[in-house]
**Student:** 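Here it is: the structure, laid out below.
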Amino acid sequence: MRLDKFLAHTGFGTRREVKVLIKSKAIQVNDVTVKDSSMHVNEYEDRVSVYGDVIPYKQFIYLMLNKPAGVVSATEDTRDKTVIDLLDNDVQHFNPYPVGRLDKDTVGLLLLTNDGALTHRLLSPNKDVPKVYFAKVQGIVDESDIEAFKQGVILDDGYHTKPGILDILKSGPISEIELTITEGKFHQVKRMFESVGKKVVYLKRLSMGTLKLDDSLSEGTYRELTAEELEQLQQKNDLA
């Protein structure tokens, strides 16, 4: 890989900006000061440093975001703030994108990455990756709803959903529930409850596959996945 491409991938700006660093003698490869930004390096074996700091190469990035309400799950939008706008520049240069979507008013776990293979596996309909949501629902949720969701419900467009696992945490005028589904249709959780005559007034995603929302992340903040989280998420047996 060309050195300037390596540095661009690791957050050191454009090729032109890298040339400025070269001229200032700030870059070394294997402890030798570099004079040509077009030189090739082995991104996994060569030791590249900028101003004495070793720069590890990273092709992919995996971010856990606690999505707040009011932002859209998109890379760009002409009207609304996007989840990408919540990221610092040092991770934006990896061009991450949301894996699936959460509605504008829905909060909770959202994975952002630039790993297309993992994205495909997580979103592929035949993988049945479970997603768990917490919701506050206007209306008394009872055993009949548990049974209806277990069989799958008919949405307003005639689509018959796959079975969902409904767990009632509190039943009352405003019920609290957890719902596990393996699909991600447009407004699916809200529409499933509408099909049984109830309305979701608050929705939060808690998990996706093996990945669970970090309780220490406040809304609007993010962190990189741990090695263990990523390994579990990448294991094909966990996604099948």
Side-chain angles (χ1 to χ4, degrees), residues 63-74 77 79-83 86 98-112 122-223 229 233 238-239:
L63 304 174
M64 176 192 298
L65 170 70
N66 187 351
K67 178 192 170 298
V71 298
V72 295
S73 300
D77 192 277
R79 295 180 300 175
D80 295 308
K81 189 174 185 178
T82 74
V83 292
L86 300 175
V99 179
R101 292 176 179 269
L102 292 180
D103 299 338
K104 184 178 177 180
D105 60 349
T106 299
V107 302
L109 175 67
L110 188 64
L111 174 65
L112 297 104
L122 287 171
L123 298 182
S124 177
N126 63 359
K127 293 294 184 182
D128 285 336
V129 177
K131 302 173 238 337
V132 180
Y133 295 84
F134 167 80
K136 294 182 181 180
V137 181
Q138 194 171 47
I140 298 174
V141 180
D142 56 25
E143 292 293 329
S144 65
D145 299 313
I146 292 178
E147 186 59 32
F149 280 30
K150 188 184 298 184
Q151 302 301 321
V153 296
I154 307 296
L155 302 185
D156 50 3
D157 60 358
Y159 177 76
H160 192 157
T161 69
K162 291 182 178 180
I165 301 173
L166 177 60
D167 184 17
I168 301 173
L169 306 178
K170 180 175 121 179
S171 184
I174 299 294
S175 299
E176 296 182 3
I177 63 91
E178 283 189 4
L179 176 64
T180 303
I181 59 176
T182 58
E183 299 176 292
K185 301 294 182 184
F186 182 69
H187 293 321
Q188 180 160 344
V189 175
K190 297 173 183 176
R191 292 165 68 202
M192 288 178 74
F193 276 100
E194 286 172 0
S195 74
V196 293
K198 299 175 179 69
K199 181 180 180 180
V200 172
V201 294
Y202 174 82
L203 186 61
K204 178 179 184 178
R205 183 155 68 188
L206 303 178
S207 66
M208 181 180 191
T210 59
L211 187 63
K212 296 181 180 179
L213 180 64
D214 185 338
D215 291 335
S216 69
L217 282 180
S218 57
E219 289 186 10
T221 64
Y222 64 92
R223 65 165 173 79
E229 287 170 335
L233 204 57
D238 285 341
L239 297 180

**Student:** Output yes when a side-chain donor or acceptor of Arg191 lies under 3.5 Å from a complementary backbone atom of Leu155, and no otherwise.
**Tutor:** no

**Student:** Side chains of Thr82 and Ser73: does their closest heavy-atom pair fall under 4.5 Å?
**Tutor:** no

**Student:** Rounded to the nearest 0.5 Å, what's the gap from NZ on Lys199 to CD on Gln138? Could you check?
**Tutor:** 6.0 Å

**Student:** Do Lys136 and Val200 have side chains that approach each other closer than 4.5 Å (heavy atoms only, starting at C-beta)?
**Tutor:** no

**Student:** Are the side chains of Leu112 and Val99 in contact, using a 4.5 Å heavy-atom criterion?
**Tutor:** no

**Student:** Looking at Ile165, I want to see if its CD1 is surrounded by more than 12 non-hydrogen atoms of other residues, nucleotides or ligands under 6.0 Å.
**Tutor:** no

**Student:** Hey, is the main chain of Leu65 close enough, under 3.5 Å, to the side chain of Lys67 for a donor-acceptor pair?
**Tutor:** no

**Student:** Write down the atom of His160, the atom of Gln151, and the distance for their closest heavy-atom approach.
**Tutor:** NE2-O, 3.2 Å

**Student:** Starting at OH of Tyr222, measure out to CG of Asn66 and round the result to the nearest 0.5 Å.
**Tutor:** 13.5 Å

**Student:** Under the ring-ring contact (aromatic ring centres under 6.0 Å, His included) criterion, do Phe193 and Phe149 qualify, and how do the steps go?
**Tutor:** CA-CA 9 Å; Phe193 276 100; Phe149 280 30; 5.0 Å; yes

**Student:** Do the charged groups of Glu229 and Arg223 touch, with an N to O distance under 4.0 Å?
**Tutor:** yes

**Student:** When you measure from the side chain of Asp80 to the backbone N and O of Val72, does any donor-acceptor pair fall under 3.5 Å?
**Tutor:** no

**Student:** Measure from the side-chain N and O atoms of Thr182 to the backbone N and O of Pro130, and report whether any donor-acceptor pair falls under 3.5 Å.
**Tutor:** no

**Student:** Does any part of the side chain of Val132, heavy atoms only, come nearer than 4.5 Å to the side chain of Lys212, both counted from C-beta?
**Tutor:** no

**Student:** Mark yes or no for whether Ser175, through its side chain, and Val141, through its backbone, hold a donor-acceptor pair below 3.5 Å.
**Tutor:** yes

**Student:** Find the distance between CG (Leu166) and CG (Asp145) and round it off to the nearest 0.5 Å.
**Tutor:** 6.5 Å

**Student:** Mind running side-chain contact (heavy atoms from CB on, under 4.5 Å) on Lys190 and Asp105 for me, showing each step along the way?
**Tutor:** CA-CA 11 Å; Lys190 297 173 183 176; Asp105 60 349; 2.7 Å; yes

**Student:** Say whether, by atom type as modelled, one donor and one acceptor occur between the side chain of His187 and the main chain of Asp103 under 3.5 angstrom.
**Tutor:** no

**Student:** Donor-acceptor pair, Glu183 side chain versus Lys162 backbone, under 3.5 Å?
**Tutor:** yes

**Student:** Is the CG atom of Asp156 crowded by more than 12 outside heavy atoms at less than 6.0 Å?
**Tutor:** yes

**Student:** What distance separates Lys104 NZ from Asp77 CG, expressed to the nearest 0.5 Å?
**Tutor:** 8.0 Å

**Student:** Please give me the minimum heavy-atom distance between Pro173 and Ile140, naming the atom from each residue.
**Tutor:** N-CG1, 4.3 Å

**Student:** Of all the heavy-atom pairs spanning Leu233 and Met208, show the shortest one and how long it is.
**Tutor:** CD1-O, 4.0 Å

**Student:** Please check if the distance between the ring centroids of Tyr133 and Tyr202 is under 6.0 Å.
**Tutor:** no

**Student:** Measuring from atom CG of Leu179 to atom CG of Leu203, what distance do you get when rounded to the nearest 0.5 angstrom?
**Tutor:** 9.0 Å

**Student:** Check step by step if side-chain contact (heavy atoms from CB on, under 4.5 Å) holds for Leu111 and Met64.
**Tutor:** CA-CA 5 Å; Leu111 174 65; Met64 176 192 298; 5.8 Å; no

**Student:** Check whether Gln188 reaches the backbone of Lys185 with its side chain - one donor and one acceptor, N or O, closer than 3.5 Å.
**Tutor:** yes

**Student:** As an exercise, state the distance from NZ of Lys204 to CG of Leu102, rounded to the nearest 0.5 Å.
**Tutor:** 12.0 Å

**Student:** Indicate the atoms forming the closest heavy-atom contact of Ser124 with Asn126, along with that distance.
**Tutor:** OG-OD1, 2.5 Å

**Student:** Measure across Leu109 and Leu211 and return the closest heavy-atom pair with its distance rounded to 0.1 Å.
**Tutor:** CD2-O, 3.3 Å

**Student:** Tell me, do Val201 and Val137 make a side-chain contact under 4.5 Å, heavy atoms counted?
**Tutor:** no

**Student:** What closest approach, in Å, do Pro98 and Ala74 show between heavy atoms, and which atom pair accounts for it?
**Tutor:** CG-N, 4.0 Å

